[in-house]
Structures are given as structure tokens and as C-alpha cells.
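Worksheet: one structure, shown below.
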Number of protein chains: 2
Amino acid sequence: MSTAKKSAVSEGVPAEDSRRAQLLESALGVFARFGYRKTSMDEVARAANVSRQGLYLHFANKEDLFRATVRHTIGSSLADAKRALAVEGAVLAERLRGAFHAWVGRYVGRFGADASDLMQAAEGLLGTLVFDQEKLFVDAVAATLREAGLAAAYKPAGVTPRQLAENLCATARGLKHSCDTQEEFEEAFAVAIRITCAPLVQD
Amino acid sequence: MSTAKKSAVSEGVPAEDSRRAQLLESALGVFARFGYRKTSMDEVARAANVSRQGLYLHFANKEDLFRATVRHTIGSSLADAKRALAVEGAVLAERLRGAFHAWVGRYVGRFGADASDLMQAAEGLLGTLVFDQEKLFVDAVAATLREAGLAAAYKPAGVTPRQLAENLCATARGLKHSCDTQEEFEEAFAVAIRITCAPLVQD
DNA sequence: AATTGACAATATGGGCATAATTTGTCTATT
DNA sequence: AATAGACAAATTATGCCCATATTGTCAATT
């Protein structure tokens with residue numbers, strides 16, 4: 001569907017797509033601060049250093065902009081998370097740290113009080129996409145835990161890798177609500193990882 | 001301060017205090033469903049099967065009723081939790097299950113959409129009481145974990161009993177937000193306990 | 001100790017007109 | 001490809017009035 005121009009650059013990424021990505025990053029910042037309802041196209045345009053009409057040149061309307069923002073954000077979050085999980089030569093704990101940083105930690109402390117309508121808007125405009133992507137994230141974490149040998153370590157306790165992954169997600173969710181800053185979150189979640197990976201520590 | 005009447009009963013609990021406790025239990029149900037703002041004294045009175053004036057006979061006003069409700073609820077939650085942690089002849093996992101049931105699980109699924117102002121009201125009318133009690137809960141859990149020998153098991157991983165306790169609290173917080181029913185919460189938290197207690201399982 | 005009925009003072013919610021903002025779409029221009 | 005200016009339509013915020021609900025406190029009663 002996308003009009004594939006010939007302006008492909010060294011990286012293999014069309015210039016227009018990286019431009020679009022810049023706009024979406026700016027939009028994410030504004031949506032996170034003000035929520036869907038209280039975010040105006042003008043505010044997004046100013047945050048992205050473009051004119052309001054420049055926004056409409058890339059996105060049909062506010063709904064379209066929001067859909068694209070969520071898709072881009074959650075898509076790159078999942079991609080970054082999977083990349084972190086696959087890093088060669090890193091111990092499990094470090095890979096988990098990177099994955100959960102990409103998936104949640106990166107966004108802790110960036111949401112304002114009016115942002116409580118974001119989930120509702122996302123569900124209304126994108127259906128089960130967020131939920132689906134979250135399931136894929138859990139899948140990826142569970143697979144990594146299994147390959148790292150945690151399945152055997154937790155077998156006696158009757159806990160599956162999937163349950164370990166879901167438990168880490170639940171902990172991250174809780175910390176997201178109780179931590180004010182990103183640093184606080186990362187530090188507390190590092191503990192959660194040490195706890196989960198404890199059976200791997202040779203003593 | 002309390003006018004100690006001579007109507008002490010078999011249990012050693014004055015009849016008026018158990019009456020008061022009944023009123024507070026009813027009040028908790030209403031506050032949980034409707035929040036502080038949208039709860040009326042009339043609603044509480046009807047839920048407790050007393051007249052509205054009967055309520056004012058026990059509590060000076062709505063603020064007083066709310067303060068007493070929060071104090072009673074959080075106080076008995078902490079007491080029940082400590083009791084569960086001290087149960088003789090129960091394994092650690094079972095004691096933790098009881099403690100977190102008394103502290104959080106018991107209340108999962110009982111809060112309505114309008115209840116989001118409860119924390120704010122509690123902070124405004126009771127200061128740091130809720131926060132303080134939560135700290136005491138963490139202390140109690142941490143002490144139990146230490147006595148159960150988890151400190152030694154997690155020493156190699158560099159995790160203290162207090163960090164284990166705080167991590168369990170974070171997980172409980174996350175599950176509270178993602179679980180719709182109490183059963184769902186208890187089941188998921190049982191997994192969290194198995195993970196935390198895994199080092200104790202002899203294999 | 002608790003209930004009923006009643007009361008004034010206050011708080012809250014709905015409706016409505018108006019002002020202000022925002023949206024989406026034009027043009028003309030660089 | 002992007003900007004600026006302008007525009008009508010739609011949405012949202014604001015102030016006000018009024019009806020209703022709620023609060024806190026009476027006195028009378030069981």
C-alpha cells in the first residue's frame with residue numbers, strides 16, 4: 001500500500017519512513033503526557049517541529065495518528081525486546097534486563113495524570129493488538145528462560161517457564177505503578193531478575 | 001480515651017465494639033464499590049441495616065467514618081496477615097499465602113470503577129498511615145522469610161529477605177491490577193510464592 | 001441505644017447558552 | 001514536501017440556573 005519511492009538510503013531505510021518515525025516518537029511523548037483525549041494535533045506538531053498541516057500530510061486524522069503511534073511504539077518495543085533476548089555472549093539476567101527495559105522500563109515515569117485514557121483509546125481504535133503483542137512478549141521471554149535452562153531448575157517447584165515469564169510481567173506491572181522514576185523501576189526490577197535467576201547461580 | 005463500659009462479654013470484646021466493627025465492615029463494602037466521594041451516609045446505613053442517625057451515633061461525620069473504616073480495615077488486615085505468618089506447623093508457602101490473602105487477595109475484585117479516589121482520600125484524611133502499615137507488613141514478611149531460611153538460599157544471588165518481601169508485594173500489586181477475580185489472583189500469586197520458595201524445595 | 005420524622009445549610013448533577021478550542025480541509029507560497 | 005493563512009464544522013470548556021441529593025443536627029418516641 002505504501003508508495004515505495006526510490007529514496008532508499010545507505011541503511012536500507014527509506015528517508016520518508018525515518019521521517020515518519022520521528023513524528024511518531026514525538027507523538028508518543030505528547031500522548032503519554034496528556035492522554036488521547038487531551039492531546040491536540042497542534043501540540044503534537046509543535047513537539048515534532050512541523051506545521052499542523054505537515055502532520056496531516058502523513059496521517060489522515062487524529063485517530064490515524066494515534067493508531068500509527070501505538071503500532072510503531074509497541075512494534076519497536078517488541079522488536080527491541082526480542083533483540084535484547086537474543087544478544088550473544090550475555091548472561092540471562094542481562095538479556096532479561098534489556099528485554100523488560102525495552103518493553104516497560106523505558107516508558108516508566110513518562111505518563112501524566114491525564115494519560116489514563118490511553119489503554120481505553122488503544123482498545124477502541126486498535127482492538128486486541130496491544131493484548132496480542134503482550135502475549136508475544138511473554139512467549140519470547142518464556143522461550144528464552146527455557147533455553148537458558150530455567151525449566152529444569154524450576155521443575156521441582158512445579159513452575160513452568162511461561163509462568164516465570166508471566167510472573168515477571170506481573171511484577172513489572174506492579175513496579176510500574178509504585179515507582180516514580182525510571183531508575184527506581186530498573187533497580188527494583190533488577191532484584192526481581194536476580195530472584196528469578198537465583199537457581200542458575202552456582203554456589 | 002474510649003469510654004470503657006462494663007458490658008464486656010465472654011470473648012473479652014465489648015459488645016459495642018463488635019457492633020462498631022459490623023458497621024465498619026459494611027462501610028468498607030460501600031466505600032470499596034463507590035469510592036469516598038460517591039458514598040453517602042444513607043447508603044452505608046442501609047448496607048449496615050441501621051438508620052442514618054444510628055451511624056451518626058457512632059461516628060461524628062463522614063470523614064470520621066472513613067478514617068475509622070480505613071484504620072479498622074488496614075489494622076485487621078495487618079493483624080490477620082501477621083497471624084497467618086505465625087501459624088505453627090504450616091510450611092512457608094502456606095503462611096505466605098495466608099498473609100497475602102489477608103493483606104490484598106481478600107479485597108481483589110471488590111472495588112468499583114469510582115473507587116479510584118480512595119487512596120487520595122486516605123492520604124488526605126489519614127496521612128501516611130496506609131504507607132506506614134504497608135511498611136510493617138513488609139517487615140513481617142521479611143522477618144518470616146529470614147526465619148524460614150530463605151536468607152541463606154538467596155545469599156549467593158545477592159538478594160535480602162527484605163528485597164524478597166518487597167518483590168512479592170510488587171508482584172501482588174501487579175496482579176491486583178490485571179486480575180478480575182479473587183480466584184484468579186490467588187492462583188497467580190500461588191505461582192509467585194512457588195517461585196520465591198523454590199530454593200527451599202529439596203530435589 | 002436506637003428509631004423516625006423533620007429541618008436548614010450545603011453540595012452535587014443536569015440542562016443550556018455561550019465562548020473558546022480543535023478538527024479537517026481548503027488555498028497560495030516557498 | 002512542507003509551510004502559512006484561513007475557514008466552516010464540530011468538539012470541548014465555562015458559567016449560570018435550577019432541581020435534587022446529601023449532610024449534619026434537631027426533637028420526639030420506643
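What you are looking at is a predicted structure, and each value in this text was computed from that prediction instead of being measured. In what follows, chains are A, B, ... by sequence order, proteins preceding strands, each numbered from 1. Below, each value reflects all heavy atoms present in this structure, side chains not excepted, and no hydrogens, waters or symmetry copies.
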Tell me: CZ of A:F34 to C1' of D:dT12, nearest whole Å?
-> 17 Å

Value in whole Å for how far the C1' atom of C:dT23 lies from CG of A:D64 = 14 Å

Report all interatomic pairs (protein N or O, nucleotide N or O of nucleotides 10-13 of chain C) with separations under 3.5 Å.
from	atom 1	to	atom 2	distance (Å)
C:dG13	OP2	B:R37	NH2	2.9

A:Y154 side chain reached by A:Q163 side chain, heavy atoms, under 4.5 Å = no

Kindly indicate whether the side chain of B:L150, heavy atoms from C-beta on, has any atom under 4.5 Å from the side chain of B:T144.
-> no

Check: B:L24 and B:L65 side chains under 4.5 Å, non-hydrogen atoms | yes

Starting at atom CZ of A:F66, determine the distance to atom P of C:dT22, rounded to an integer number of angstrom.
-> 18 Å

Return the set of residues passing salt bridge (Lys or Arg N to Asp or Glu O under 4.0 Å) with B:E147 (not counting sequence neighbours), or none when no residue passes.
-> none

Looking at residues at least two apart in the chain, or sitting in another chain, which of them share a salt bridge (Lys or Arg N to Asp or Glu O under 4.0 Å) with B:D42?
-> B:R46

The side chain to side chain contact (heavy atoms under 4.5 Å, CB included) partners of B:D139 (sequence neighbours excluded) come to B:L136, B:R162

Considering the terminal five base pairs at each end of the helix from C:dA1-D:dT30 to C:dT30-D:dA1, what angle separates the two local helix axes, rounded to 10°?
-> 60°

Does anything in residues 50-63 of chain B pair up under salt bridge (charged side-chain N to carboxylate O under 4.0 Å, His left out), and if so which pairs, sequence neighbours excluded?
-> B:E63-B:R67

Pairing of B:E134 and B:R173 as salt bridge, 4.0 angstrom limit = yes

From CG of B:L55 across to P of C:dT3 the rounded distance in Å is 9 Å

Using the test side chain to side chain contact (heavy atoms under 4.5 Å, CB included), find all partners of A:A172 that sit at least two apart in sequence or belong to another chain.
-> A:F100, A:V104, A:F185, A:F189

Phosphate OP1/OP2 of D:dA1 contacted by A:H58 side-chain N/O (<4.0 Å) = no

Provide the full list of salt bridge (charged side-chain N to carboxylate O under 4.0 Å, His left out) pairs with a residue in residues 182-197 of chain B, sequence neighbours left out, each pair given once.
-> none

Could you check which residues of residues 114-124 of chain A get a heavy atom under 4.0 Å from DNA chain D? Sort them by number, please.
-> none

Kindly list each side-chain donor-acceptor pair under 3.5 angstrom involving residues 82-92 of chain B, sequence neighbours excluded, with atom names and distances?
from	atom 1	to	atom 2	distance (Å)
B:R83	NH1	B:D80	OD1	2.7

Can you tell me the distance, in whole Å, between the CZ atom of B:R20 and the C1' atom of C:dA2?
-> 17 Å

Measure from OH on A:Y36 to P on D:dT11 and round the result to the nearest Å.
-> 12 Å

Once base and sugar-phosphate atoms are separated, protein heavy atoms under 4.0 Å mark nucleotides 22-30 of chain D, 5' to 3', with B, S and - as -BBBB----

Determine yes or no for a side-chain-to-main-chain donor-acceptor pair under 3.5 angstrom, with A:S76 supplying the side chain and A:T73 the backbone.
-> yes

Pair up each side-chain donor or acceptor in residues 31-41 of chain B with any protein partner under 3.5 Å, not counting sequence neighbours, and list the distances.
from	atom 1	to	atom 2	distance (Å)
B:T39	OG1	B:V30	O	3.4
B:T39	OG1	B:G35	O	2.5
B:S40	OG	B:E43	N	3.1

